[in-house]
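These notes concern the structure reproduced below.
Count residues from 1 along the sequence.
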Amino acid sequence: MSSETCPNAPSGLLLIDKPRDFSSHDIIAISRRILRTKKIGHSGTLDPMATGLLILLVGREATKRQAEFLKLSKTYTATLTLGQETDSWDACGNVITEKDVPALTQQDVQNAVQKLSGEIEQPIPFFSAKKINGQKMYSLARAGQEMERKFNRVQVAWTRICLTSAKTVEFTVHCSCGTYVRSLGYLLANELGTVGHLTQLRRLEIGPYNVQNAFDGTQLKQTDTDTLYKRIISL
């Protein structure tokens, strides 16, 4: 159903707490159906494994500002499991490398993140939506096509880092747009003398917007149009 069907539909931001195992595009498709509009953009997607804040830009006036919202910084909390590397650098991928984990201390972890703070160059995961010659990297990776590793420069501030077991590190990080937290996990594991992959990832903030104020995405399919209208924040 097109946006013309609901000419009085509100325009603005809809904050959703995305559940695990839903793609961001699943959430957008469900929201389009409930709100009866095709005009929905986003301020940065989340991987299916990840949970947390997804900002939908609803309506023509909001979607015009998508580039502005894509540039906002973000805050995440994550769990890094050491000893196994997957091809996607998270729990959705297949294990490709195993390596012993050295005996680590909290100070070892603190020292490692100091080398990964501020402006850093991070590798872009092969299983990502980044495009090469018009094709998404994850499509090329799934087809088994070899790719040259690409990098980008990002700003990273680790606000919490904790060695919670011999093979598990939990952290909270505030970072610039374009940051792949999976890549930070990959780099951190290397600094610690081993390999690893993310087993939990949750986005807490996008710019000034917090997941605590978001609509529970697990309830989205059962939600009616008027209820969702009332959650839209005017711009």
Side-chain angles (χ1 to χ4, degrees), residues 17-21 24 43-55 72-93 95-128 130 151-214:
D17 185 351
K18 188 189 86 65
R20 189 179 175 116
D21 297 330
S24 297
S43 65
T45 58
L46 286 168
D47 296 328
M49 186 199 83
T51 68
L53 184 57
L54 183 67
I55 297 181
L72 294 175
S73 61
K74 300 172 177 68
T75 301
Y76 297 87
T77 184
T79 300
L80 173 65
T81 297
L82 302 171
Q84 292 184 326
E85 179 184 335
T86 67
D87 51 11
S88 62
W89 297 346
D90 66 14
C92 292
V95 175
I96 56 173
T97 305
E98 296 193 52
K99 190 174 181 179
D100 290 341
V101 180
L104 298 169
T105 66
Q106 179 64 25
Q107 190 59 53
D108 292 329
V109 177
Q110 296 284 1
N111 293 342
V113 298
Q114 286 182 10
K115 300 176 183 178
L116 300 173
S117 298
E119 184 177 69
I120 67 167
E121 188 173 74
Q122 65 163 196
I124 297 174
F126 288 138
F127 284 84
S128 70
K130 190 78 172 177
F151 296 82
N152 63 350
R153 299 197 69 82
V154 294
Q155 288 282 344
V156 178
W158 304 77
T159 58
R160 182 183 68 92
I161 184 81
C162 185
L163 181 67
T164 55
S165 76
K167 293 186 177 182
T168 308
V169 178
E170 295 181 0
F171 62 86
T172 303
V173 63
H174 183 73
C175 50
S176 61
C177 67
T179 302
Y180 293 90
V181 184
R182 290 178 284 152
S183 297
L184 297 182
Y186 167 83
L187 292 172
L188 177 57
N190 286 349
E191 287 291 341
L192 294 172
T194 184
V195 295
H197 66 280
L198 292 192
T199 47
Q200 298 284 340
L201 178 62
R202 181 164 176 77
R203 186 155 66 196
L204 305 179
E205 296 174 340
I206 300 175
Y209 303 97
N210 195 293
V211 71
Q212 293 180 355
N213 302 316

What do the steps show when you test Q200 against E170 for side chain to side chain contact (heavy atoms under 4.5 Å, CB included), and what is the final call?
CA-CA 9 Å; Q200 298 284 340; E170 295 181 0; over 6 Å; no
With the side chain counted from C-beta on, respond yes when Q110 and I161 share a heavy-atom pair under 4.5 Å apart, and no when they do not.
yes
Is a side-chain N or O of S176 found less than 3.5 angstrom from the main chain of Q155, in a donor-acceptor match?
yes
Heavy-atom closest contact (A189 atom, G196 atom, distance):
CB-N, 3.5 Å
Minimum heavy-atom separation for S88 to R182, with atom names?
O-NH1, 2.9 Å
Compute whether any side-chain donor of one residue and acceptor of the other, for T199 and T81, lie under 3.5 angstrom apart.
yes
Looking only at atom types and distance, does a side-chain atom of K99 sit under 3.5 Å from a main-chain N or O of T97, one as donor and one as acceptor?
no
Taking only distance into account, with no hydrogens and no angle test, what donor-acceptor pairs under 3.5 Å do side-chain atoms of residues 112-125 form with protein atoms, sequence neighbours excluded?
from: S117; atom 1: OG; to: V113; atom 2: O; distance (Å): 2.6
from: Q122; atom 1: OE1; to: Y180; atom 2: N; distance (Å): 2.8
from: Q122; atom 1: NE2; to: Y180; atom 2: O; distance (Å): 3.2

State, with a plain yes or no, whether a side-chain heavy atom of Y209 is found less than 4.5 Å away from one of L53.
yes
Scanning both residues in full, the closest heavy-atom pair of L198 with G185 reads CD2-CA, 4.3 Å
When every non-hydrogen atom of L72 is compared with those of C177, the smallest separation belongs to O-CB, 3.9 Å
Heavy-atom side-chain proximity of W158 to L188 below 4.5 angstrom
yes
Indicate whether the side chain of T51 and that of R202 have a donor and an acceptor atom separated by less than 3.5 Å.
yes
Less than 4.5 Å apart, side chain to side chain, heavy atoms only: is that true for M49 and L201?
yes
With no hydrogens and no angle check, do the side chains of T75 and H174 hold a donor and an acceptor under 3.5 Å apart?
yes
Tell me whether D108 contacts the main-chain N or O of L192 through its side chain, where contact means a donor paired with an acceptor under 3.5 Å.
no
Do Y76 and T179 touch side chain to side chain, with heavy atoms closer than 4.5 Å?
no
Would you mind reporting whether I206 and S43 have side-chain heavy atoms less than 4.5 Å apart?
yes
Taking it one step at a time, do L80 and F171 satisfy side chain to side chain contact (heavy atoms under 4.5 Å, CB included)?
CA-CA 8 Å; L80 173 65; F171 62 86; 4.2 Å; yes
Hey, mind stepping through D100 and T194 against side chain to side chain contact (heavy atoms under 4.5 Å, CB included) and telling me if it holds?
CA-CA 6 Å; D100 290 341; T194 184; over 6 Å; no
Would you say the side chain of V173 lies within less than 4.5 Å of the side chain of T159, judging by non-hydrogen atoms?
no
Check step by step if side chain to side chain contact (heavy atoms under 4.5 Å, CB included) holds for Q84 and H197.
CA-CA 7 Å; Q84 292 184 326; H197 66 280; 4.1 Å; yes
Side chain K18, main chain P48, donor-acceptor under 3.5 Å
yes
Side-chain touch L82/T168, heavy atoms, less than 4.5 angstrom
no
Least distance between heavy atoms, A78 atom then V181 atom:
CB-CG1, 4.2 Å
Considering non-hydrogen atoms only, spot the tightest contact between L104 and L163 and give its length.
O-CD2, 3.4 Å
